[in-house]
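Report on one structure; see the data block that follows.
FYI, the numbering just counts along the sequence from 1.
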Amino acid sequence: MGTDIKDNISIPLSDADALLACADGASALLYLHIRRTGGLSISKAARELRLSEREVSLAAEKLRRLGLLPRADAEPEARELPQYTALDVTSRPEFAALVEETQSALGRMLGDNDVRILFGIYDHLGLPPEVVLLLIYHCIDTYREKHGSGRVPTMRYIEKEAWFWADNEIITIDAAEEHIRRESEKKQLLSKVQDILQIRGRALTAGERKYVDSWLEMGFPPETLAIAYDRTVVNTGRLTWRYMDKIVRTWQERGLFTPEAVEAGDSRSPKRPAAPPQRSEPPVDGQKQLERMKKLYENLSNGGR
């Protein structure tokens, strides 16, 4: 039976040659993923290719240098929802209940543009009403953590998160609850790591956050990162992000993820020097020993004369 042409992916020979010359597995995987999905989503690619988001970003930059991916500044800054009219919105009577629930959650009335954004999330992105509400409450919690209690996000803020949910197929109650649970666990781990790194009283910068996120995505618990931090400070006198990242990535390559594994597989305690061989007298020839015994006996028999 023949294969449907729709089941095939066509790759230009020039692209294949560039990938082969590059000899980078992550870049080749990302290239195929982009060709298969039709676009680049860092988080989605990281999850499906089992790479960290930082590794995907580095692979994407390599593809850009090879001319296999458009430069970021050549891509649209943001995707836009369709321009809905008031008639579009009112043509869906069931949408009115979602507007009321959203206004109740945000504690304010929605303007015309806010309603259009909400309708786009519901209609264009295809998120069911119950998932939209989970999205909104999640955005409210996240926004207040960053900006203080009593603050609420704008609909543009919620729209940005909605695009992420749609890209990552978070379109059911179960998927949304699982995503929120993972985000909560990630925040707790992030807080522990930040405490280990002695960073208090401020949020991590974007660059710092990329490092920590990549370490957590690799599967390192805070206890192991504490060892890496200690070695970094001992060897450099301070927190040097690149130095610590090199330590962590070396452990990843060697499969050392737990403190026990690091202790067993990457111990730096000095080896005990081997004990020097003990000196011993050379063996005495049997005949000479017999002659010595005879002389000793003769001396004793003659009274030592």
Intermediate values then yes/no, side chain to side chain contact (heavy atoms under 4.5 Å, CB included), Arg249 and Trp215
CA-CA 8 Å; Arg249 290 186 177 277; Trp215 300 337; 5.5 Å; no

Which is it for Thr240 and Thr236 under the side chain to side chain donor-acceptor pair (under 3.5 Å) test, yes or no, and what are the steps along the way?
CA-CA 7 Å; Thr240 306; Thr236 68; 3.2 Å; yes

Stepwise side chain to side chain donor-acceptor pair (under 3.5 Å) check, Glu55 with Ser52
CA-CA 5 Å; Glu55 287 172 322; Ser52 70; 3.3 Å; yes

Assess the residue pair Arg47 and Glu169 against the criterion (salt bridge (Lys or Arg N to Asp or Glu O under 4.0 Å)); give the C-alpha distance rounded to whole Å, side-chain angles, the decisive distance to 0.1 Å, and a yes or no.
CA-CA 12 Å; Arg47 186 179 70 255; Glu169 300 179 0; 5.7 Å; no

Run the side chain to side chain contact (heavy atoms under 4.5 Å, CB included) check on Asn235 and Tyr243 step by step: do they pass?
CA-CA 9 Å; Asn235 293 332; Tyr243 190 93; 3.0 Å; yes

Are Gln194 and Arg200 close enough, and set up right, to give a side chain to side chain contact (heavy atoms under 4.5 Å, CB included), and what steps lead you there?
CA-CA 7 Å; Gln194 189 167 340; Arg200 302 184 179 95; over 6 Å; no

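Looking at heavy atoms from C-beta onward, Met218 lies in side-chain contact with Val248 at the 4.5 angstrom threshold. The side-chain heavy atoms of His33 and Arg36, taken from C-beta on, include no pair separated by under 4.5 Å. In this structure the side chain of Arg144 reaches within 4.5 angstrom of the side chain of Val152, judged on heavy atoms. The shortest distance between side-chain heavy atoms of Gln198 and Leu239 does not fall below 4.5 Å. Between Thr154 and Tyr143, every side-chain heavy-atom pair lies at or beyond the 4.5 Å cut-off. Looking at heavy atoms from C-beta onward, Tyr84 lies in side-chain contact with Asp123 at the 4.5 angstrom threshold. For the pair Glu178 and Arg182, the minimum side-chain heavy-atom distance is below 4.5 Å. The side-chain heavy atoms of Lys246 and Trp251, taken from C-beta on, include no pair separated by under 4.5 Å.
In this structure, Phe164 has its ring center under 6.0 Å from that of His179. For Trp241 and Tyr211, the gap between ring centers is short of 6.0 Å.
One hydrophobic cluster holds both Leu98 and Ile171 under the rule that ILVMFWY side chains link at heavy-atom gaps under 4.5 Å. Leu58 and Leu68 fall into different hydrophobic clusters, where Ile, Leu, Val, Met, Phe, Trp and Tyr side chains are chained together by heavy-atom contacts under 4.5 Å.
Atoms CG and CG, from Leu225 and Asp230 in turn, are 12.5 Å apart once rounded to the nearest 0.5 Å. Distance check: Leu127 CG to Trp165 CH2 gives 8.0 Å after rounding to the nearest 0.5 Å. Note that CG of Leu135 and CD1 of Ile121 are 6.0 Å apart. Values are rounded to the nearest 0.5 Å. Of the inter-residue distances, the one linking Leu87 atom CG with Ser91 atom OG reads 6.0 Å to the nearest 0.5 angstrom. Here the CG atom belonging to Leu30 is positioned 6.0 Å from the CG atom belonging to Leu40, to the nearest 0.5 angstrom. Put simply, CD1 on Ile136 and CD1 on Ile158 are 5.0 Å apart, with the number rounded to the nearest 0.5 Å.
More than 12 heavy atoms of other residues, nucleotides or ligands sit less than 6.0 Å from atom CG of Leu20. Shown here is Arg202, whose CZ atom has more than 12 heavy atoms of other residues, nucleotides or ligands within 6.0 Å.
Of the possible donor and acceptor atoms, none in the side chain of Glu100 sits under 3.5 Å from a partner among the backbone N and O of Ala97. Put simply, the side chain of Thr142 gets close to the backbone of His138: a donor and an acceptor are under 3.5 Å apart.
Of all the heavy atoms in Leu190 and Leu204, the pair that sits closest is CD1-CD1, 3.8 Å. What you find for Tyr122 and Glu94 is that their closest heavy atoms are OH-OE2, 3.0 Å. Of all heavy-atom pairs spanning Thr224 and Val262, the tightest one is CG2-CG2, 3.9 Å. In this structure, Ile11 and Ala16 approach most closely via the heavy-atom pair CG2-N, 4.2 Å. When all heavy atoms are compared, the tightest approach of Ala176 to Leu134 is CB-CD1, 3.8 Å. The two residues Ser27 and Leu63 make their nearest non-hydrogen contact at O-CD2, 3.7 Å.
Under a 4.0 Å N-O distance rule, the pair Glu223/Lys192 does not qualify as a salt bridge. A salt bridge between Glu177 and Arg181 is absent, with no side-chain N of the basic residue lying under 4.0 Å from a carboxylate O of the acidic one. A salt bridge does not link Glu159 with Arg116: every distance from a Lys NZ or Arg NE/NH1/NH2 to an Asp or Glu carboxylate oxygen is 4.0 Å or more.
A search for side-chain hydrogen bond (donor to acceptor under 3.5 Å, both in side chains) contacts involving Arg209 returns Asp213, not counting sequence neighbours. Checked against salt bridge (Lys or Arg N to Asp or Glu O under 4.0 Å), Lys187 has the following partners two or more places apart in sequence or in another chain: Glu145. Scanning for salt bridge (Lys or Arg N to Asp or Glu O under 4.0 Å) contacts around Asp167 gives Arg79, with sequence neighbours left out. Partners of Lys62 under the salt bridge (Lys or Arg N to Asp or Glu O under 4.0 Å) rule, at least two apart in sequence or in another chain, are Asp24. With sequence neighbours excluded, no residue satisfies salt bridge (Lys or Arg N to Asp or Glu O under 4.0 Å) with Glu48.
Side-chain contact of Asp88 with Thr85: a donor-acceptor pair under 3.5 Å is present, judged by distance alone.
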Scan the side chains in residues 105-115 for donor-acceptor partners under 3.5 Å anywhere in the protein, sequence neighbours excluded, and list what turns up.
residue	atom	partner	partner atom	Å
Arg108	NH1	Asp114	OD2	3.2
Asp114	OD2	Gly111	N	3.3

